[in-house]
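Here the structure comes first, spelled out in structure tokens, and everything after it is commentary.
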Amino acid sequence: MFQITIDDTDEQYACSETKHVLAGMQQLGKKGIPVGCRSGGCGVCKVRVLEGEYASKKMSRDHVTAEEEAEGVVLACRIFPQSDIRLSVIGKLNKAVNR
Amino acid sequence: MAMTGILRPGHVQLKVLDMEESLKHYCEDMGLLETDRDDQGRVYLKCWDEQDKFSVVLEPSDRSGMDHMAFKVATEQDLLRFESNVKNFGIETTRVAAGELNGCGERVRFTAPAGHTFELYAEKEQVGNGISTTNPAPWRRDLKGMEVIRFDHCLLYGDNFDENVKFFKEALEFQLTEQIVDGDLQIAAFLTCSTKAHDIAFIRSEESGKLHHASFLLGSWEEVLKAADIISMEDIPHEAGPTRHGLTRGKTIYFFDPSGNRNEVFAEDSYVYPDSPVLTWHADNVGQAIFYHSRQLVDSFMGVTS
């Protein structure tokens, strides 16, 4: 198990290398990173990894460019920790109803 | 013939990040059947009770979302008539050659005001539903997962909302069945080309051309609960339900495909006739309109699209 730290709120939780960083947060009832599709398509869980190693799966280029991905700007639902990770949150949910 | 013009949603082409994971989701877990593949890497799927060759096309891509949604019209004359209607509304159309999608006739393609690409076509190869047309059995015994019956509708988010609804009513001759209004402002419009509660629906948004969900029909509430079990068994990202919608009365559950495109499976919703009144939900009851039991909006459900 690795320790994930959300830099913005100092929230910490443990996440195994077999779970993506967002699933790790969600299954422990922790908060801090917005939760959307959890499959790399909606972009609301976009984060910047400040420290740590991870494996990643494909994420929609509508939300993360190749350049961003190379700099550690990724979707939390597509990265699997391979060390302790410290990250800051970029993504946000749009307001509920447009009115 | 009671139904003329645009008959039904014929297919939706979805962009997917990983074809293998997507086929596991749509075929093994939801129960669609693979019917073809093409040299662009696209995979063609149908729900078991559909007669036409495909209703879902999965397109390999580096992004998620809907490439286009297509409606089947009754005749070639209807195709010409609606092509003319769209042009007269001031929207450009193009023709896509027959066979560009395997087994599909010539398509009329255009972008509606809310930013989504739609197509109309009159012909698609019919492969049947796997049941004899004489003394037919009520169901097939070789189905998997949720056993979805048909591709039913899409709900889309887009801008130019009022113009878009006008376009669907006037140029494509859809009927408004149900709506959410905030004072004079319509924020959701459910529209049908048939007698279904909706064949397409739109939510007012600042973003153009977004997919909220592609929806598939089940036979009963019991099957919605079975779908919920499969969602947990297979660790599919679950969002809301099983519950009931106020809008359409449908019994429903929402989840995401492996590319983050939202899916719904539902059963037992309402119906309309051409003389049915429009049903209206007010914004101060929006929670109940969407999730009838909890009466609370779910943040991701309202804010997340692909």
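Chain identifiers are assigned alphabetically (A, B, ...) following the order of the sequence lines, protein sequences preceding nucleic acid strands; residue numbering begins at 1 within each chain.
Contacts between residues 11-39 of chain A and chain B, defined by a heavy-atom separation under 4.5 Å, are made by Val35(A), Gly36(A), Cys37(A), Arg38(A), Ser39(A). Scanning residues 45-56 of chain A against chain B with a 4.5 Å non-hydrogen threshold yields no residues.
No more than 12 heavy atoms of other residues, nucleotides or ligands lie within 6.0 Å of CZ in Arg249(B), so this atom counts as exposed by the packing criterion. The environment of OH in Tyr292(B) is sparse: at most 12 heavy-atom neighbours from other residues, nucleotides or ligands sit within 6.0 Å. Heavy atoms of other residues, nucleotides or ligands lying less than 6.0 angstrom from CD of Glu20(B) number 12 at most.
Considering all non-hydrogen atoms of both residues, Lys58(A) and Asp62(B) come closest at CE-CA, 3.9 Å. When every heavy atom of Arg63(B) is checked against every heavy atom of Asp62(A), the shortest pair comes out as NH1-OD1, 2.6 Å.
Interface check for chain A: of the options Pro237(B), Ser300(B), Ser306(B), the most heavy-atom pairs under 4.5 Å are formed by Pro237(B). Among the candidates Lys210(B), Lys15(B), His238(B), the residue making the largest number of heavy-atom pairs closer than 4.5 Å to chain A is His238(B).
No part of Asn261(B) comes within reach of chain A, as not one of its non-hydrogen atoms sits under 4.5 angstrom from that chain.
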From CA spacing to verdict: salt bridge (Lys or Arg N to Asp or Glu O under 4.0 Å), Lys57(A), Glu21(B): CA-CA 12 Å; Lys57(A) 285 177 69 174; Glu21(B) 288 183 357; 2.6 Å; yes
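For the atom pair Leu17(B) CG and Arg61(A) CZ, the distance stands at 9.5 Å (nearest 0.5 Å).
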